[in-house]
Amino acid sequence: MPTPKHKLLTPKRRPPPPPPPPATNVVVPEHSPPRPQVYLQKPSPKKNPSKSTILFRRVRSVFRSFPVINPPCKMPVPIHDGHIHGGKQLTGTLFGHRKSRVNLAIQENPRCLPVLVLELSIQTGKLLQDMGLGLVRIALECEKHPSEKIKLIDEPIWTMYCNGRKAGYAVKREATDDDLKVIQMLHAMSMGAGVLPGDAVDSSPEGELTYMRAYFERVTGSKDSETYYMMNPDGNSGPDLSIFFVRV
């Protein structure tokens with residue numbers, strides 16, 4: 001008798017295992033708190049100087065080229081309220097961690113965005129210490145390129161001299177978020193010095209974040225020279241700082 005044919009049985013596929021239950025002890029990483037928004041104003045648009053202003057600057061540059069003669073009798077210099085006539089008053093802020101490089105921010109007023117930010121190759125604590133001892137003269141020099149038409153404060157790098165000694169370089173850069181955070185914290189202060197609180201800025205192993213703000217008088221000698229003089233309130237004795245920008 002013929003044997004019955006058996007059908008081949010195909011093995012059944014096992015259903016996929018159910019997904020694991022959601023974990024209840026998963027730690028969600030905490031996000032760093034968002035930075036505060038910056039509410040500083042934009043600087044006022046620059047206006048072309050008038051013909052009388054251009055003539056005054058040319059005459060002044062000619063007289064400054066004359067040799068200086070010391071008279072036998074010293075006459076008082078007519079400076080009213082600590083201002084140098086012909087200069088423009090700006091706000092300058094020196095800030096940085098004590099063991100790191102100092103930054104210089106120049107503003108039209110304390111509530112404006114900076115028009116110039118420089119990083120100097122000198123430690124913040126060292127500069128503030130020297131200013132407490134006496135006069136500090138910082139000269140920033142760069143090479144002149146007649147073929148390039150660039151404004152003096154827009155030069156990217158400078159050779160730095162502090163009280164006649166070469167002290168590295170100064171670099172112009174754009175204001176960072178940390179710079180704007182410091183400047184905004186000081187928007188209500190016209191002048192002063194101190195240490196920013198630790199809970200307001202990020203802690204750093206390079207020491208406390210110190211600052212000094214004052215009014216500066218900007219005197220333009222020519223398109224290749226500008227000087228910023230720190231002004232003391234009411235002519236009182238205090239830190240004496242002058243910063244010279246020269247293109248040679």
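Reckoned from all heavy atoms, side chains included, excluding hydrogens, waters and symmetry mates.
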Are the side chains of Cys142 and Ile157 in contact, using a 4.5 Å heavy-atom criterion? no

Can you name the salt bridge (Lys or Arg N to Asp or Glu O under 4.0 Å) partners of Lys126, sequence neighbours left out? Asp130

About how many Å separate CG of Leu116 and CZ of Arg218, when rounded to the nearest 0.5 Å? 10.0 Å

Residue pair Thr220 / Ser225, side-chain heavy-atom distance below 4.5 Å: no

Are side-chain heavy atoms of Leu152 and Lys223 found at a separation under 4.5 Å? no

Is the shortest side-chain heavy-atom distance between Met230 and Met212 below 4.5 Å? yes

For the hydrophobic clusters of this structure (ILVMFWY residues joined by side-chain heavy atoms under 4.5 Å, transitively), does one cluster hold both Tyr161 and Leu241? no

Nearest 0.5 Å please: distance from the NZ atom of Lys181 over to the CG atom of Leu196. 9.5 Å

Partner of Trp158 by ring-ring contact (aromatic ring centres under 6.0 Å, His included), out of Tyr169, Phe245, Phe244: Phe245

Does a donor on one side chain sit under 3.5 Å from an acceptor on the other, for Tyr215 and Glu217? no

Between Lys172 and Asp154, does the side chain to side chain contact (heavy atoms under 4.5 Å, CB included) criterion hold? Intermediate values first, please. CA-CA 8 Å; Lys172 179 187 177 182; Asp154 291 337; 2.8 Å; yes

Ignoring hydrogens and angles, tell me if any N or O in the side chain of Glu119 forms a donor-acceptor pair with the backbone of Val171 under 3.5 Å. no

Smallest heavy-atom separation, Leu180 atom then Ala175 atom, equals CD2-CB, 3.9 Å

Spacing of CZ belonging to Phe216 relative to CD1 belonging to Ile106, to within rounding of 0.5 Å: 5.5 Å

Take Val136 and Cys162 through the test side chain to side chain contact (heavy atoms under 4.5 Å, CB included) and record every step on the way to the result. CA-CA 7 Å; Val136 176; Cys162 186; 4.2 Å; yes

Partner set under side-chain hydrogen bond (donor to acceptor under 3.5 Å, both in side chains) for Arg247, not counting sequence neighbours: Glu155, Asp224

Rounded at 0.5 Å granularity, tell me how far CG in Leu113 sits from CG in Asp179. 11.5 Å

Taking all heavy atoms of Pro114 and all of Ile183, pick out the closest pair and write down the distance. CG-CD1, 3.9 Å

Sidechain-backbone polar pair: His97 side chain, Glu206 backbone, donor-acceptor under 3.5 Å: no

Quick one: CG on Leu118 to CD1 on Ile243, what's the gap to the nearest 0.5 Å? 8.0 Å

Would you mind reporting whether Ile122 and Met160 have side-chain heavy atoms less than 4.5 Å apart? yes

Hey, mind stepping through Leu186 and Gln107 against side chain to side chain contact (heavy atoms under 4.5 Å, CB included) and telling me if it holds? CA-CA 12 Å; Leu186 302 175; Gln107 304 165 257; over 6 Å; no

Counting distance only, does the side-chain N/O of Arg213 pair as donor-acceptor with the main-chain N or O of Met189 below 3.5 Å? yes

Applying a strict under-4.5 Å side-chain criterion to I, L, V, M, F, W and Y, I'd like to know whether Val115 and Val117 cluster together. no

Between the main-chain N or O of Thr210 and the side-chain N or O of Thr124, is there a donor-acceptor pair closer than 3.5 Å? no

Exercise: identify the closest heavy-atom pair between Gly192 and Tyr211: O-CE1, 3.9 Å

Could you walk me through whether Glu226 and Ile153 pass side chain to side chain contact (heavy atoms under 4.5 Å, CB included), step by step? CA-CA 9 Å; Glu226 288 185 7; Ile153 62 172; 3.7 Å; yes

Return the CG to CG distance between Leu127 and Leu94, rounded to the nearest 0.5 Å. 6.0 Å

Heavy atoms of Arg173 and Asn103 approach each other most closely as NH2-OD1, 2.8 Å

With a 4.5 Å cut-off on side-chain heavy-atom distances among I, L, V, M, F, W and Y, is there a chain of contacts connecting Met131 to Leu120? yes

Determine whether Leu140 and Leu104 fall in the same hydrophobic cluster, where Ile, Leu, Val, Met, Phe, Trp and Tyr are linked whenever their side-chain heavy atoms lie under 4.5 Å apart. yes

